[in-house]
Amino acid sequence: MSLVPAGRDLRLDFFRGLSLWFIFLDHVPSNAMAWLTVRNYGFSDASEIFVFISGYTAAFVYGRVMNERGFVVGAARILKRAWQIYVAFVFLFVFYVAEISYLATRFQNPLYTEETGFFEFLQKPEVILIEALKLRFLPANVDVLPLYIVLMTFFPLVLWPLLRWPNITLACSVAFYTLARVLDWNISLYPYDRHWFFNPFCWQLLFVIGGWCALGGVTQIEKFLKSRTVLVLSILFLLYAAALQLSWLIPGVTRKLPTWALVLPLNKSDLSLFRLFHFLALANIIIRFMPMDAAFLRSNLAKPLLLCGQNSLEIFCLSVFLSFSAHFFITEVSARLPVQMLVSFIGICIMVAVAALMTWYRDIDRRGGKPPPSSPKNLGEQIA
Amino acid sequence: MSIRCAAVALWLLAGLLPGAAENCSVSHELVATFAPLPHVHDDVVKNKKLNILVVSAAPTQVGAAAGLKSYPSFMETALKERLKNTEVSVFAFSVPRKPIDDVVAALPPLLKERKPDLVIWQTGTVEAIRAMDPDVYGEKLMAGVELIQAAKSDVILMNQQYSPRTDFMFDGAPYTDNMRYVAQARDIALFNRYEIMKYWAETGVFDLSGMRNDGLYEKLHKCLGGLLSDFIVRAGSLPGSLEQ
């Protein structure tokens, strides 16, 4: 299996793979293994990694298409991808509705009368299905997909100016984010007064920052990023975030802190600036200490993560499905710690195995298809 | 190597077996108290009275739960045992399945009428189900706590319970986070019901995944009531406290 298209930054695949593992572990409810994930040691979590890298790869891959073959072809490719993500969302929604419908008819433990209020949603199945198709009824844990759909659908309109005037486009994105935060923009959901968990008006900023970096933005500020001041500030900020996040969970520890230092809880829906800067600080340090040509990235140890990162859409959907299954297993069989560990480990093994299978399929498709078989461009597009 | 494999296998097997004995004690950190209960302390010590109000949005006495005893009454019994010579009264109030706005609206007349020393506020589930904006939730919670404190009552916040069957449908963590913040800002206690029940599930004390009425309700609520009464006695530095 060839994992290395020429010129591709393997760190992207590596960390996207890692974010998918984290998303899986975090999505199994009450999973003790979620302690291994980044969210416990700082402000940002796997969502930021996933959205940033998605923006980066989308701009990198479709930017080239748009430059070489024009706006229409580039936009068509992007919209095709958005459609694939929409189909994946509907697919996962079916599993989700099946599981809650099963529970709704059989779950009669008086201990949980309050929780079963959730099944009110099922009283009008026709409404739920239509609202879901309109992306106005979103199951928990799947909500990064609708964000991805919206970001990709409007990406042609962002990519075109991003290729010409990257800084102005980024400034517009920042302005849009600011307006959304100030004026409380979000997309409403059915029913009640609910809103999208990942507010697309806010999260677009991270996606555009990713795209801006991919199209050369980083080189403009490279000197700044590599300065000692930025390094020291980043490390201090990360340490502060880790200390606060960890001590926050232990009652009593943060009681003595002054209110200005106690910035938790942070608003994830609107991409709080603390989360954004935490992610950027983390990314800056990783890029600094893990060069693009690090030998580690080509070793066998990194391979499972690269495989997952290169098949991100499929593996994300699989991870949501696996987290449902893992949760089912934990509640049916045992909730005890060793079981949680075993189930988490098996889930990750399945993700890697399926990713390897997808890559293998792509390999045979390429060999059986038309030349040029080893064109890195084609491969790049498939894994955007 | 084979010994290690066998040990791992045994350990996994032990994880699958149900817990041997039912013991509601939890690890110490889970029920550690940091905020005092001055009004509770004063009323018990000076007037030999303890008046507690439990506020929630739980539809407790409906359907299969009708007629079952819940943690407020178990807590009352336990407190009466611990605090001899003290007149203990517990009143449970609920606005079933209504979000926090309705609970806060119901507070002023309720506080005026009951004049509690302590309000135990069980909250966060309905809001999680409805995916209410956690920031808005935090603001309302803060407003409610300020109302209660202005009425010269102590407050204990209680978060959602651990419900393994339904916890993939909605996420209570952002609401518990807001409770943590309000608890710190207003110097009040948070009784972490979620972590306590999760501890019981993970150590095999209770199997919380039952689909039907398996008699768990009263057993679990008895444990919660016992823990809460102990929590109040310790936080309020009351005469029955072992730490005294």
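Chain identifiers are assigned alphabetically (A, B, ...) following the order of the sequence lines, protein sequences preceding nucleic acid strands; residue numbering begins at 1 within each chain. The figures here come from the full heavy-atom set of this structure, side chains too, leaving out hydrogens, waters and symmetry mates.
Only the side chain of Y96(A) comes within less than 4.5 Å of a heavy atom in chain B; its backbone stays farther off. When heavy atoms are compared at a cutoff of 4.5 Å, M169(B) approaches chain A by way of both its backbone and its side chain. Contacts of S30(A) with chain B are made by both backbone and side-chain atoms, with heavy-atom separations under 4.5 Å. Both the backbone and the side chain of T116(A) come within contact range of chain B, each with at least one heavy atom under 4.5 Å from a heavy atom of that chain. The contact between A131(B) and chain A is made by backbone and side chain atoms together, counting heavy-atom distances below 4.5 Å. Within the 4.5 angstrom heavy-atom criterion, atoms from both the backbone and the side chain of L262(A) approach chain B.
Highest contact tally toward chain B, considering only E99(A), H27(A), K268(A), H195(A), is held by E99(A) [criterion: heavy-atom pairs under 4.5 Å].
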Please walk me through it: do Y137(B) and T123(B) pass side-chain hydrogen bond (donor to acceptor under 3.5 Å, both in side chains)?
CA-CA 10 Å; Y137(B) 172 78; T123(B) 172; 2.8 Å; yes
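A heavy-atom distance below 4.5 Å is found between the side chains of W121(B) and V103(B).
When T125(B), N178(B), N192(B) are each tested for a side-chain contact (heavy atoms from CB on, under 4.5 Å) with N159(B), only one passes: N192(B).
Because its NZ or CZ atom is both nearer than 6.0 Å to the ring centre of F74(B) and within 45° of the ring axis, K69(B) counts as a cation-pi partner of that residue.
Salt bridge E332(A)/R165(B): present, at least one basic N to carboxylate O contact under 4.0 Å.
To the nearest 0.5 Å, the span separating CZ on R136(A) from CD on E131(A) amounts to 4.5 Å.
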